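What follows is one structure encoded as structure tokens, with my remarks underneath.
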Amino acid sequence: MASQHTHSDPSTRSSAYDYQSDDVERPELAATLSSLVDGEVRLDDYTRTLYATDASAYEVRPVGVVYPTSTDDVAAVVAYCDRNDIAVLPRGGGTSLAGQSVNDAVVLDCSKHMDALLDVDADSRRVTAQPGITLGKLNEALESENLKFAPDPAWGDKSVLGGAIGNNSTGAHSLVYGKTDAYIESVEAVLADGTVTRFGDVTVGELRDAADADSEDLRPRIYAGVLAVLDDHAEEVDSRYPELKRNVSGYNFDRLVEEARDGDSEITDDATVNLARLLAGSEGTLAIVTEATVSLESIPNTKAVALLTYDGLLDALADVEPILEHDPAAVEVMDDVLLGLARDTAEFADVVGMLPEGTDSVLLVEFYADDDAEGRRQVADLLADRVPGADSEADPTDEGVRTDADHRAAAAMEAHDADTRAKFWKMRKSGLPILLGRTTDEKHIAYIEDTAVPARNLPEYVADVQEILDDYDTYASYYAHAGPGVLHIRPLVNTKSVEGLEAFEAIAERVTDLVVKYGGSVSGEHGDGRARTQWNRKLYGEELWSAFRELKTAYDPNWTLNPGNVCGDHDLTENLRFDPDYGFESGFSPELNWDNDNGFQGMVELCHGCGGCRGEQSTTGGVMCPTYRAAHEEIQSTRGRANMLRQAMSGGLPEEELFSDEFTEEVLDLCIGCKGCARDCPSEVDMAKLRTEVLHEKHQRDGTSLRDRVFANIDRLSALGSRFAPLANAAASLPGAGFLTEKTLGIASERDVPTFANESLVEWFEARGGATVSEADADRRAVVFPDTYTNYNDPSVGKAAIEVLEAAGVHVTVPDGLPGSGRPPLSKGFVEKAREDARANVETLAPMVEDGWDVVVVEPSDAVMFQSDYLDLLSGEDVERIAANAYGVCEYLDRFRLDERLAFDTEAAEPLSYHGHCHQKATKKDHHAVGVLRRAGYAVNPIDSTCCGMAGSFGYEAEHYSMSQAIADLLRDQLESSDGESVVAPGTSCRTQLDEESPTHPVEKLADALA
């Protein structure tokens, strides 16, 4: 709908951002590696800090990071490192939960440049891609062919194809699809000596012909190592590997042996094995995949979901095995802990509230179906078997499965439309953010979180695990993939204490013993890594442990590739992010209110590294994290910034680094304060608030710039500009004015500075004689807060808001003499100034609110300031009363259904594209405008967008202009594909950024539609 545009490059402006620090520990190595590759090489302190963690409990600082652009780059780095006894670690999204993507090694981050989709063959249902492509982008490209890469890990929109191969990933639908290894056809790979080769199908006879354990070349040695597994250890593989769909512990020997038998009882030379599949689950320890051809599956036509309720978790788990007789696509369990967490969230309280009283646990059962009728029949047959007293939406069939198992379910619900199915699935995932949102020293740590046992053994296994946890006076939630026997179990432990660390290790060892007892695997999904490698010896026995190590040596004689994993020497208690030696010292006293456990420190330490901030706009949606989405730099993700802050305050970076100009510029300066992380991050890390604290302290130490002071006091300057308009406007349009403001204040010359109205909103309201609806005739009274932009720059939006409110029968006043909301100074780290403004507004408005008035704000960021940020600045009943009774204007109309009193001319309503303000999205208030506009007759397409990139003063600043435009390009792309005829956006910054699209405020559209 908008004009085509050229995407901006966030690195083209005059800023000094290079996303790294000046300190390089090994400059000679950096120079050598740089000479070998076309990609980037970074061995600086900041980059090494960023890549020291993943989504696990572990932290190991790497030698440095190389961002290869090609297979040749990978081969050159690996060959050099192998010759010089330097370890190498391939890494994608860094979403590992077991610690396999951190090591004392040169990291090869393939997610930045080696992320291309190379070929799609829809007829043969195969695709070839580079390892850095996310599964989300891969499937997005395949959707038009009605095909998908079938394994569906929960974090597939952030994790990459290479990681899926390295972990042998799967997901909730593994009952249908199995693991990644089933879909690997061939790979291009770099061996430990830098040799580039291709692995795929080969007969056992061909292996014998080419095998040579003494060869100087690696491939014949690899063949010999593979043959040794087949010839010497096949029976032990049969004996020791668990019969599970979801075992990813150790090397993939069971598939290798199965293929070599080709359905026979003996291994034959005619049998074909696929050596590419032997790399599945190898965690980068055998070879580095640089290109992969994988097979695809058709996207199901439709799905059906049943939710079965139980009085206890063990009853639910005992029902899994008979449910599997119905061939479901997924069986997921939720226990009382998870349901309790979901019950406490506004989003899922209504769904949980529909469950029968006394419900302790539920099973979510999903079926794939050709059509809706088949899906309903499948659910009906399931309920007839497992919940015979339940009403179903279809009649069960006579030929449906009927098992002899006891009936344990208390009740059932079913979902067939996409929205309800999605709601059930989101409920299953709703508790995890709260589990991960603890800011105490005790954390729900992932280290036994994906043990797997046969479904028939789940009840006994869980009962025994609970006894172990009781012994250590802790607990965990039990949830996730009950169908294949994989439960996510994250015990609450404190590894900062000696006692907690001892419990951490003891729980792991005792649970491993249970896994072996019940015929399971220590990892059914997330791999071995640092958390579980040591248990492979106990799981598989000495013979296979030695066979793992022999195969590793055949592939990698010097143990260059990700050493220590799968069959190495990792100890799960070493290299923990938090251990008894950990210390925290921020170096200052926080100024804001921190109501969470452990306060400021708790928030700094909250990020668990899942990489949720690394999702692409088209596959992940949401707000977080706009600068990462524009630059694809780890340091610009919420995870990157959080890791840097924590390291700077816990000794991982030099003392006083936190307040250095370099840290401010590279780590904090490009955080635009969108607040997206406060909602979209699974742990709800509030980076905007953390940034404010640090900037405030830096101001106290080093002073402030003229430009920051100008923006922090924009309310006073705007008042002067309005008083002297139109003269002030004329001065800004003089030739050379833009050049002058950039040189003196650092305001981008490409930007037009806002113009001023010669009559403010307050002055207009007073001149018109105040309210047109008397208090006696009104049901509600509203103080329309004159925010800075609405008051002095564009009063027309405020006038439209007042027109709509009064048409709805609201008595309105617009107070004079108030300062700005405090948003501009807070965004610049001027906490005292923001608090001063907040206190003045609260002192004036609190008595009015107590008397029954509502506070209504036109500008979203100012509305959220009242609703949320004031609670960070002030304490007491008055500010709490203000926060509870402050509303954005469309929120106000929607919350009290005031628009239902209005008459609209629906014939004049055109289709709209709605871009919500990021602060309203972060506080889950952006939907109100959509509801009101639709009831006014508009067809509204709400864009699932990130921040516009203007972010108040950010987009005006010269060094930020290119980044601002690069972020805006993401939004413009979405608007161009929208079917709206015009754009509405409540935020002033958003409308300024989208000037070419001529956007309007939603309340203006409401005013236009008044009959």
Side-chain angles (χ1 to χ4, degrees), residues 18-26 29-30 33-34 37 39-68 73-74 77-78 81 86-115 131-132 155 158-160 162-163 166-167 283-284 288 529-530 560-565 570 575-577 607-614 625 628 631-648 650-653 657 663 666-667:
D18 60 6
Y19 310 113
Q20 54 189 310
S21 64
D22 294 335
D23 295 328
V24 178
E25 185 171 323
R26 301 174 68 175
L29 177 60
L33 292 176
S34 295
V37 301
E40 305 151 85
V41 175
R42 300 180 188 172
L43 271 65
D44 62 286
D45 279 356
Y46 286 5
T47 302
R48 295 173 63 225
T49 299
L50 290 167
Y51 284 79
T53 52
D54 53 12
S56 73
Y58 295 95
E59 181 172 279
V60 183
R61 187 168 293 221
V63 175
V65 182
V66 177
Y67 304 88
D73 279 0
V74 174
V77 172
V78 172
C81 290
I86 302 171
V88 177
L89 164 64
R91 172 168 161 147
T95 57
S96 158
L97 289 173
Q100 55 263 56
S101 56
V102 295
N103 214 331
D104 179 15
V106 170
V107 172
L108 292 170
D109 184 348
C110 296
S111 69
K112 188 171 185 183
H113 302 302
M114 295 183 66
D115 60 349
W155 231 231
K158 294 97 177 172
S159 55
V160 300
N167 264 16
E283 302 182 2
I288 297 176
R530 294 175 175 273
T560 298
L561 303 179
N562 204 10
N565 288 271
H570 288 329
N575 299 113
L576 288 166
R577 191 182 309 189
C607 173
H608 68 283
C610 70
C613 43
R614 288 173 52 99
C625 179
Y628 175 81
H632 291 97
E633 289 283 352
E634 177 73 17
I635 201 169
Q636 296 309 327
S637 67
T638 301
R639 177 174 75 178
R641 293 189 180 102
N643 275 325
M644 294 296 290
L645 283 175
R646 179 179 54 80
Q647 289 278 22
S650 61
L653 290 171
E657 183 71 22
F663 191 94
E666 296 293 352
V667 180

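Not measured: the values here are computed from a predicted model.
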Looking at side-chain heavy atoms only, is the closest gap between L653 and M644 below 4.5 Å?
yes

R530 and N565 side chains, donor-acceptor separation under 3.5 Å
no

Using the rule given for side chain to side chain contact (heavy atoms under 4.5 Å, CB included), can you reason through D109 versus Y51, listing the C-alpha separation, both sets of side-chain angles and the distance that settles it, and then say yes or no?
CA-CA 10 Å; D109 184 348; Y51 284 79; 2.6 Å; yes

Just by distance, no angles: are the side chains of E657 and Q647 close enough, under 3.5 Å, to form a donor-acceptor pair?
no

If we only count heavy atoms from C-beta on, is the V106 to P62 side-chain gap below 4.5 Å?
no

Should D45 and R48 count as an ion pair when the cut-off is N to O under 4.0 Å?
yes

Between R91 and S96, is there a side-chain donor-acceptor contact under 3.5 Å, judged purely by atom types and distance?
no

Is the shortest side-chain N to carboxylate O distance from E633 to R42 below 4.0 Å?
yes

Hey, are S21 and D23 close enough side-chain-wise for a donor-acceptor pair under 3.5 Å?
no

Pick one: which of L43, V88, V77 meets side-chain contact (heavy atoms from CB on, under 4.5 Å) with V66?
V77

In the structure I gave you, are the side-chain heavy atoms of L108 and L89 within less than 4.5 Å of one another anywhere?
no

Name all residues meeting the side chain to side chain donor-acceptor pair (under 3.5 Å) criterion together with R639; count only those two or more places apart in sequence or in a different chain, and write none if there are none.
E634

Under the criterion side chain to side chain contact (heavy atoms under 4.5 Å, CB included), I'd like the reasoning laid out for Y46 against F663: C-alpha separation, chi angles, the key distance, then a yes or no.
CA-CA 9 Å; Y46 286 5; F663 191 94; 3.4 Å; yes

Between the side chain of W155 and the main-chain N/O of C610, is any donor-acceptor distance below 3.5 Å?
yes

Is the shortest heavy-atom distance from the side chain of E59 to the side chain of N643 under 4.5 Å?
no

Result of checking R641, R614, Q636 against C625 for side-chain contact (heavy atoms from CB on, under 4.5 Å):
R641

Separation of Y67 OH from T47 OG1 (nearest 0.5 Å):
5.0 Å

Does the side chain of R61 come under 3.5 Å of the side chain of T49 through a donor N or O and an acceptor N or O?
yes

Judged by modelled atom types alone, do N167 and Q100 share a side-chain donor-acceptor pair under 3.5 Å?
yes

